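Written below as structure tokens is the structure these notes are about.
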Amino acid sequence: MPTLLATWNEPGQVVMDAAVPLIRKGLPMVDCIEAGLTAAEDDPNLIAIGRGSLPNADGELELDASIMDGSDLSAGAVCALRGILPAIKVARWVKERTPHVMLAGDQARRFAIEQGLKPQNLMTGEAVRRYDEWKDSPEIQERYVHSVRDTVTMIGLEGSGHFTAASSTSGWSFKLPGRVGDSPIIGAGIYADDEAGAAGATGLGEELWKACASFRTVQNMKLGMSAQDACEETIRHMLRRQPHSIENTCVVLALDRNGNHGAAVTHGLFHLWVHKDGVTTVEEHATLQP
Ligand code: ASP
């Protein structure tokens, strides 16, 4: 039976509501995941993904997304994509319709438009209000330092051991224009390899990227660790080697070839959605003790 993991309480609910009925119909996991992320990107109430998410320091939304196929390690990604939804579809098109892995910024947007998507204004009134509030208040700016949550990362297992991983985000709220986090970086935000499993990340992208968190976790599984042990090993490595990961939330989640799943977090509480054996549940993961 297929297994699907998704990150964070609120957006996790939205992606599961869209993806699970498709899993039940027997659609390929890649389509279920794309449908889930598309629904979350389109939801104006989610402030960290797609329409209605929080912009960069110039007041412009820049989206990052990625997708990877564990059967042949093929992957596609976009970063700093403006005014286009769904970013995850564009990432998939990069994988399926170009010889490249990533397209960036204005050229990613041009590619998306050439492939048939229409540019649109993704800022909601609420996002504009929050941006104006942030711009005018040093106190609120302080509150948003490292406020990077609710990216949706999804990993799925189907058939006799095929893995898909994908992620979509607007990244660090009020980031420097042009900043790109871990989510669209293959090996950092996502990784899938049918020889071992799949992993994904969410949280402070700078630290997750430096750790090559998803690749590291899949390599841990390749060395024989279970999904849970592999996640804990990555998070322990981060806690040991990366001082900034200690006070910030950095999460890895994983699925192994035995169908086990796992997650671990450097700091704070993390909610993981799990669809397994036909049942959908939410797990809570607390700070990993070193
Ligand atoms: N990892 C994302 C980034 O740094 C943010 C997040 O997961 O909340 O862009």
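These numbers were taken from a predicted model, which means no experiment stands behind them. Atoms within a ligand are numbered from 1 in the order they appear, just like the ligands themselves. Residue numbers run from 1 in the order of the sequence given.
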Q) If you count the atoms of ligand 1 from 1 in the order shown, which ones are under 4.0 Å from a heavy atom of Ser183? A) 1 (N), 2 (C)
Q. Which atoms of ligand 1 sit under 4.0 Å from any heavy atom of Gly171?
A. 9 (O)
Q: Ignoring hydrogens, just give me the one of Val152, Thr169, Thr7, Asp182 whose non-hydrogen atom is nearest atom 3 (C) of ligand 1.
A: Asp182
Q. Given side chains that start at C-beta, do those of Glu10 and Leu46 come closer than 4.5 Å, heavy atoms only?
A. yes
Q. Is there a side-chain contact between Thr151 and Ile49 (heavy atoms, below 4.5 Å)?
A. no
Q: Output yes when the distance from some N or O of ligand 1 to some N or O of Leu208 is under 3.5 Å, and no in every other case.
A: no
Q: May I ask you to check if ligand 1 and Gly205 share an N or O to N or O distance below 3.5 Å?
A: yes
**Q.** Part of Glu62 within contact of ligand 1 (heavy atoms, under 4.0 Å)
**A.** neither
Q. Can you find a pair of side-chain heavy atoms, one from His285 and one from Leu253, that are under 4.5 Å apart?
A. no
Q | Any side-chain heavy-atom pair of Glu232 and Gln289 under 4.5 Å | A | no
(Q) Using a plain distance cutoff, I'd like to know if Asp64 has any nitrogen or oxygen under 3.5 Å from a nitrogen or oxygen of ligand 1. (A) no
Q. Can a non-hydrogen atom of Lys175 be found less than 4.0 Å from any atom of ligand 1?
A. no
Q: Mind telling me whether Phe174 and Trp134 have parallel, tilted or perpendicular rings, with 30° and 60° as the class edges?
A: parallel
Q. Looking at Glu206, Glu60, Glu62, which one forms a salt bridge (charged side-chain N to carboxylate O under 4.0 Å, His left out) with Arg179?
A. Glu206
Q: In sequence, state the C-alpha distance, the side-chain angles, and the governing distance for His275 and Thr280, and then conclude on side-chain hydrogen bond (donor to acceptor under 3.5 Å, both in side chains).
A: CA-CA 4 Å; His275 179 77; Thr280 308; 2.7 Å; yes
Q. Is Thr202 close to ligand 1, meaning an N/O of one under 3.5 Å from an N/O of the other?
A. yes
Q: Using non-hydrogen atoms of the residue, decide whether Ala48 is closer than 4.0 angstrom to ligand 1.
A: no
Q: Check whether any side-chain heavy atom of Phe163 lies under 4.5 Å from a side-chain heavy atom of Ile155, and answer yes or no.
A: no
**Q.** Per-atom contacts, ligand 1 versus Thr151 - under 4.0 Å to a heavy atom
**A.** 2 (C), 5 (C), 6 (C), 7 (O), 8 (O)
